[in-house]
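Here is how names work: the chains are called A, B, and so on, in the same order as the sequence lines, proteins then strands, and each is numbered from 1.
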Amino acid sequence: MFSIKRIKQLSVFLENKEGATAQVFNILKDAGISVSGASLSDTADYALMRMLVSDSQKAQQVLLANGINCVESVVIGYKLDSLEEVTVVLNELARKKFSINYMYITSLGSGNAHYMVFRLSETDKFFEQAARAEFVVEDFN
Amino acid sequence: MTKEFWQEEIETMPRKQLEALQVERLKKTVEIAMNSPFYGPIFKERGITPESIKSVEDIRRFPFTTKQDLRDNYPFGLASVPLDKVVRLHSSSGTTGKPTVILHTQKDIEQWADAMARSMYCIGLRNTDVIQNTSGYGMFTGGLGIQYAAERLGALTVPAGAGNSLRHLKFIQDFGTTALHCIPSYATRLAAVLNENGVDPRETKIHTLIIGAEPHSEAQRKRIEEIWGAKAYNNFGMSEMCGPGVAIECKEQNGMHIWEDNYIVEIVDPQTLEPVKEGELGELVLTTLNREAMPLFRYRTRDLTRIIPGDCPCGRSHKRLARFQGRSDDMMIVKGVNIYPIQIEKVIMEYPELTSDYLITLDTIGDNDEMTLEVELVQLVDDYAYLQNLNKELSRRIKDEILITPRIKFVPKGSIPQSEGKAVRVKDNRQNH
């Protein structure tokens, strides 16, 4: 059974300067928000850090209040039965001609399970096709 | 024995005689400008005729001319001669909004070259010098202006142009450059490049630097002189007046002599437009006396300065202007280039992804001016490639407009501080006054 989660992910705009990343985590901690996933790349000048947080709305409010640019976007979470399954999923996406913008693997705070979290250039089309193929699509948060 | 002055009679002319010369030239200039579709009707309305001009004070019967007048009459509305007599134009930058155009007849070109040659001679340059120009050629008057003047002087000119410091270094060594024309920040930048490449600027043959086009302090000038082991003289020019060659420091290095046989100089209160007492700070207003394609009367330069009263030991009778102390408008000078916030604003307005708020911050990083432009995204987009492209495109578009490349920072909507009244668009953190 293919289990797909619709995940609200927070993308945080980070300037490439000392303490920028720490600042974000400090703000969230002070607001009592927990982080179950984060991904940051080695880009220059600025970066988009993608985060999975316990309260996305509150996180946005508190970050924006501190002058940090962020936006919520929907990404796809696919529950993996095993890590080998990643190859299967990627092959299937390639076959269906979906293009992957970015991807990371996380437990989503679930303990033993692994989730493949990814954003496609055509995320909406993916959800449409998943619904038609009768996959179970649930909101994660 | 070499003479001290390029044109001794003019440079040391007693004040009364100099003013009489100004009156004579003002009359001639009025006669020429009466043909201009811009000035003609104004003169008629105010009863300004060559015959009615009796003294220099009559200049106050003329209205002021502003940069906006030049923009409104783009491109040729301020011409005072038929266009077939015009041999060159110089235009300011900008693809949006109206640039300004300055026209020159053959006589204007020669006059300009002569004035700047006089300035070069004043600071000790001679036909035996090798003068290297680091100013951009093309529409920048600093390029061709220095070129023609140096040739007029009879010096060997090295028309290297802007950028490529290693090439400048090579020329300095290979050609035995003795004088350099550059903006003050480039003087320090180029010296650093020489040092990085194992060349001590003090060991080159350079004995004089002609610096200008951007405000700089006495401390900066002294620093430039120290690192080059040479004299550095402040040179004032303005495209509307011709280009470089309007005023120059003499060897006293205490004020720039403005060539009053070519200009009537007024210093006015920028609010009331009334003349200030001599020695007081005010806006520099200039009237051309020796130009025919596009003479300008009471042109508001927006530069704030004052006359240094008293006689100069060098013997020149032309008044001296103190270091400029800022602007009475919002123009900025960055890396020697004149920039108005409105130019940047116009570009930002082209992007619906951005709000209309922005903040320009100017800093000195090392020896250079750097501009950072904060813009607000209406909505942050979760797409790095998109942001990169927007950043790059915005940066390129602004560079097309203002000729320098700013660092673009995306900030959250509403984060640029709003102030009551007129929005503060520029934060200048540089220390050059």
Should the heavy atoms of other residues, nucleotides or ligands under 6.0 Å from NZ of B:Lys67 be counted, would the total exceed 12? yes
Interchain contact, B:Gln379 with chain A, by part (heavy-atom threshold 4.5 Å): side chain
Would you find more than 12 non-hydrogen atoms of other residues, nucleotides or ligands less than 6.0 Å from B:Arg327 atom CZ? yes
Under 4.5 Å from any heavy atom of chain B - which part of A:Gln9: side chain
To the nearest 0.5 Å, atom CG of A:Asn69 lies from atom NZ of B:Lys413 at 11.0 Å
I want to check something: taking the side chain as every heavy atom from C-beta on, are A:Leu48 and B:Leu380 in contact at a cut-off of under 4.5 Å? yes
A:Gln57 atom CD: more than 12 heavy-atom contacts under 6.0 Å: no
So do B:Tyr384 and A:Tyr46 actually touch side chain to side chain, heavy atoms under 4.5 Å? yes
Identify the two heavy atoms, one from A:Gly67 and one from B:Pro412, that lie closest to each other, and give their separation to 0.1 Å. O-CG, 3.4 Å
Is there a side-chain contact between B:Phe410 and A:Glu15, using heavy atoms and a 4.5 Å cut-off? no
Cut-off 4.5 Å, heavy atoms of chain A, and the answer for B:Leu377 is side chain
Give, as side chain, backbone, both or neither, the part of A:Ala65 having an atom under 4.5 angstrom from any heavy atom of chain B. neither
Salt bridge between B:Asp382 and A:Arg50, side-chain N to carboxylate O under 4.0 Å? yes
Could you grab the distance from atom CG of A:Asp45 to atom NZ of B:Lys409, nearest 0.5 Å is fine? 10.5 Å
